[in-house]
*Asks:* 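Below is one structure. I have some questions about it.
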Amino acid sequence: MRIFNFSAGPAVLPTAVLEQVRDELLDWHGRGMSIMEMSHRGKDFTGVIEEAEADLRELMGIPANYKVLFLQGGATQQFAQIPMNLLAGGSADYVLTGSWSKKAWKEAQRIGEVRVAGSTEADRFTRAPRADELQFDPQAAYAHICTNETIHGVELFELPELPAGVPLVADMSSHILSRPMDVSRYGLIYAGAQKNIGPAGLVIVIVREDLLGKALPSTPSVMDFATMAEHGSMLNTPPTFGIYLAGLVFRHLKAQGGLAAVEEANVAKAKRLYDLIDGSGGFYVNPVEVASRSRMNVPFTLANPALDAVFLAEAAERQLSGLKGHKSVGGMRASIYNAMTIAGVEALVDLMQDFAARKA
């Protein structure tokens, strides 16, 4: 029996995709072996990675002058790898909207000069910054944002206006592929796979070609975007199973009607959950400013924290998993990524309504 998995990541994957993986695991397309056992340089896997890239380009509308890289190390490695590749002896601006953008900023300080262009930490990361709170350096090598903060449940729906010529770099790990994005507005997009793409360990980098070739001399070859692009993400052995599974997810999203259809479903799921929270008379509270509420990660607290453990125990009885909030903020958190079904959200809403009726 499949439970409803609200974990922030590694997260739920589409059942249909997992069933296909199961069916192909021992014998991929009649080859007598698993995709995990194949040479990454053979024609079979070359076809897999090329199809995955083509489907991702189609889904996101990625322009031809952008490279798509399938790399390892997750998004956290990119916190260092990006300044290694883009700082080029200059400085970069970071906008702090939650734990992950703050971690990225701290890691970048190990590589070179970075500054805070704006922060909402004084408001406990409960909203996106206003335009008048941001100050960007017109000489910055790049400006970094996290477009969806997994822990605090803050999503950016409006991009900051940058000085001419300053590339925008975005960590989209927890909401990539959840809605259409204009890739041309970014210099670089990166995303760990374990939310909306596939298994942990894979990270996707989408980088504009004019930003390649600027890596610091000390950058290892395997961490140089230009080198990895030149070798088609295969300077070393790539995470073949993760790429294969990501490709199946991309194909699945296309079959659903693309990102416009995916967004429509995500809006409906998020609205159902937020409406329940807002209509609970204060029994449940989401701390995020309404305009900044994430569609992917919904943190909430109970009016009486002593009931947290009871709520989680009842959730487990109903086969609802992964609802405990991050240790830094407490409470609860429901991550409702692409693969979370409306049935899963309804099951959570039913529990919350019943629990509030009995405990309020």
*Asks:* Would S328 and I151 count as a side-chain contact (heavy atoms from CB on, under 4.5 Å) if you check the C-alpha gap in whole Å, the side-chain angles of each, and the deciding distance to 0.1 Å?
*Replies:* CA-CA 8 Å; S328 66; I151 292 173; 3.6 Å; yes

*Asks:* Among residues two or more places apart or on two chains, list those pairs meeting salt bridge (charged side-chain N to carboxylate O under 4.0 Å, His left out) that have a residue in residues 240-253.
*Replies:* E51-R251

*Asks:* Checking side chain to side chain contact (heavy atoms under 4.5 Å, CB included) between L168 and each of D93, L188, I145, which is the one that passes?
*Replies:* I145

*Asks:* Can you name the side-chain hydrogen bond (donor to acceptor under 3.5 Å, both in side chains) partners of E58, sequence neighbours left out?
*Replies:* K254

*Asks:* Give me the atom names and distance for the closest heavy-atom approach of S233 to F70.
*Replies:* OG-N, 3.0 Å

*Asks:* Test of understanding: with side chain to side chain contact (heavy atoms under 4.5 Å, CB included), list the residues that count as partners of E264, not counting sequence neighbours.
*Replies:* none

*Asks:* Go through the side-chain N and O atoms of R179 and N266 and say whether any donor and acceptor fall under 3.5 Å apart.
*Replies:* no

*Asks:* For residues F125 and L96, determine if any side-chain heavy atom of one lies less than 4.5 Å from a side-chain heavy atom of the other.
*Replies:* yes

*Asks:* Do S34 and L26 make a side-chain contact, defined as non-hydrogen atoms from C-beta onward lying under 4.5 Å apart?
*Replies:* no

*Asks:* Quick check: closest heavy atoms across L273 and A334, and the distance to 0.1 Å?
*Replies:* CD2-CB, 3.9 Å

*Asks:* Are L162 and Y142 in one and the same hydrophobic cluster, where Ile, Leu, Val, Met, Phe, Trp and Tyr link if side-chain heavy atoms are under 4.5 Å apart?
*Replies:* no

*Asks:* Not counting sequence neighbours, which residues clear side-chain hydrogen bond (donor to acceptor under 3.5 Å, both in side chains) with Q20? List them please.
*Replies:* E24

*Asks:* Take F300 and M352, measure what side-chain contact (heavy atoms from CB on, under 4.5 Å) needs, and give me the verdict at the end.
*Replies:* CA-CA 11 Å; F300 61 93; M352 294 172 70; 3.8 Å; yes

*Asks:* What do you reckon, are the aromatic ring centroids of H144 and Y94 less than 6.0 Å apart?
*Replies:* yes

*Asks:* Is there a side-chain contact (heavy atoms from CB on, under 4.5 Å) between M228 and V222? Walk through the geometry before answering.
*Replies:* CA-CA 7 Å; M228 293 303 287; V222 75; 4.3 Å; yes

*Asks:* Give a yes or no answer on whether the side chain of N85 reaches the backbone of M223 with a donor-acceptor pair at less than 3.5 Å.
*Replies:* yes

*Asks:* For D354 and R318: C-alpha separation, side-chain torsions, deciding distance, then whether salt bridge (Lys or Arg N to Asp or Glu O under 4.0 Å) applies.
*Replies:* CA-CA 12 Å; D354 178 52; R318 298 195 188 199; 2.7 Å; yes

*Asks:* Do P180 and E263 have side-chain heavy atoms sitting under 4.5 Å apart?
*Replies:* yes

*Asks:* Is L134 linked to L159 within one hydrophobic cluster, defined over Ile, Leu, Val, Met, Phe, Trp and Tyr using a side-chain heavy-atom separation of less than 4.5 Å?
*Replies:* yes

*Asks:* Establish, from distance only, whether the side-chain atoms of S174 and N148 form a donor-acceptor pair under 3.5 Å.
*Replies:* yes

*Asks:* Flag the pair L177 / F250 as yes when at least one side-chain heavy-atom distance between them is below 4.5 Å, and no otherwise.
*Replies:* yes

*Asks:* Does R124, at its CZ atom, have more than 12 non-hydrogen atoms belonging to other residues, nucleotides or ligands within less than 6.0 Å?
*Replies:* no

*Asks:* With a 6.0 Å cut-off (strictly less than), is the heavy-atom count around CZ of R110, excluding the residue itself, greater than 12?
*Replies:* no

*Asks:* Got a donor-acceptor contact below 3.5 angstrom from the R31 side chain to the H29 backbone?
*Replies:* yes

*Asks:* Could you give all pairs that pass the salt bridge (charged side-chain N to carboxylate O under 4.0 Å, His left out) test and reach residues 296-317, with sequence neighbours left out?
*Replies:* E314-R358

*Asks:* I'd like to check the salt bridge (Lys or Arg N to Asp or Glu O under 4.0 Å) partners of K102; sequence neighbours left out, ordered by chain and number.
*Replies:* E121

*Asks:* Go through the steps to decide whether N297 and H175 satisfy the test side-chain contact (heavy atoms from CB on, under 4.5 Å), and finish with yes or no.
*Replies:* CA-CA 9 Å; N297 309 101; H175 76 158; over 6 Å; no

*Asks:* Report yes or no: does S173 contribute a side-chain atom to a donor-acceptor pair with the main-chain N or O of G192 at less than 3.5 Å?
*Replies:* yes

*Asks:* Would you indicate whether the side-chain heavy atoms of K195 and M296 approach each other to under 4.5 Å?
*Replies:* no

*Asks:* Under a 3.5 Å distance rule, please check whether D171 uses its side chain to pair with a backbone N or O of C146 as donor and acceptor.
*Replies:* no

*Asks:* Side chains of S101 and E149: do they bring a donor and an acceptor to under 3.5 Å?
*Replies:* yes

*Asks:* Start with the C-alpha gap between E289 and R293, add the side-chain angles, then the distance that decides, and say whether salt bridge (Lys or Arg N to Asp or Glu O under 4.0 Å) holds.
*Replies:* CA-CA 6 Å; E289 185 179 87; R293 284 176 167 178; over 6 Å; no

*Asks:* Please check: side-chain N/O of T120 versus main-chain N/O of D123, any donor-acceptor pairing under 3.5 Å?
*Replies:* no

*Asks:* Side-chain contact test, heavy atoms from C-beta onward, threshold under 4.5 Å: evaluate it for Y190 versus Q81 and give yes or no.
*Replies:* no

*Asks:* Would you check if L56 and I197 make a side-chain contact, meaning some heavy-atom pair closer than 4.5 Å?
*Replies:* no

*Asks:* Does any part of the side chain of I35, heavy atoms only, come nearer than 4.5 Å to the side chain of F241, both counted from C-beta?
*Replies:* yes

*Asks:* What distance separates L59 CG from L253 CG, expressed to the nearest 0.5 Å?
*Replies:* 6.0 Å

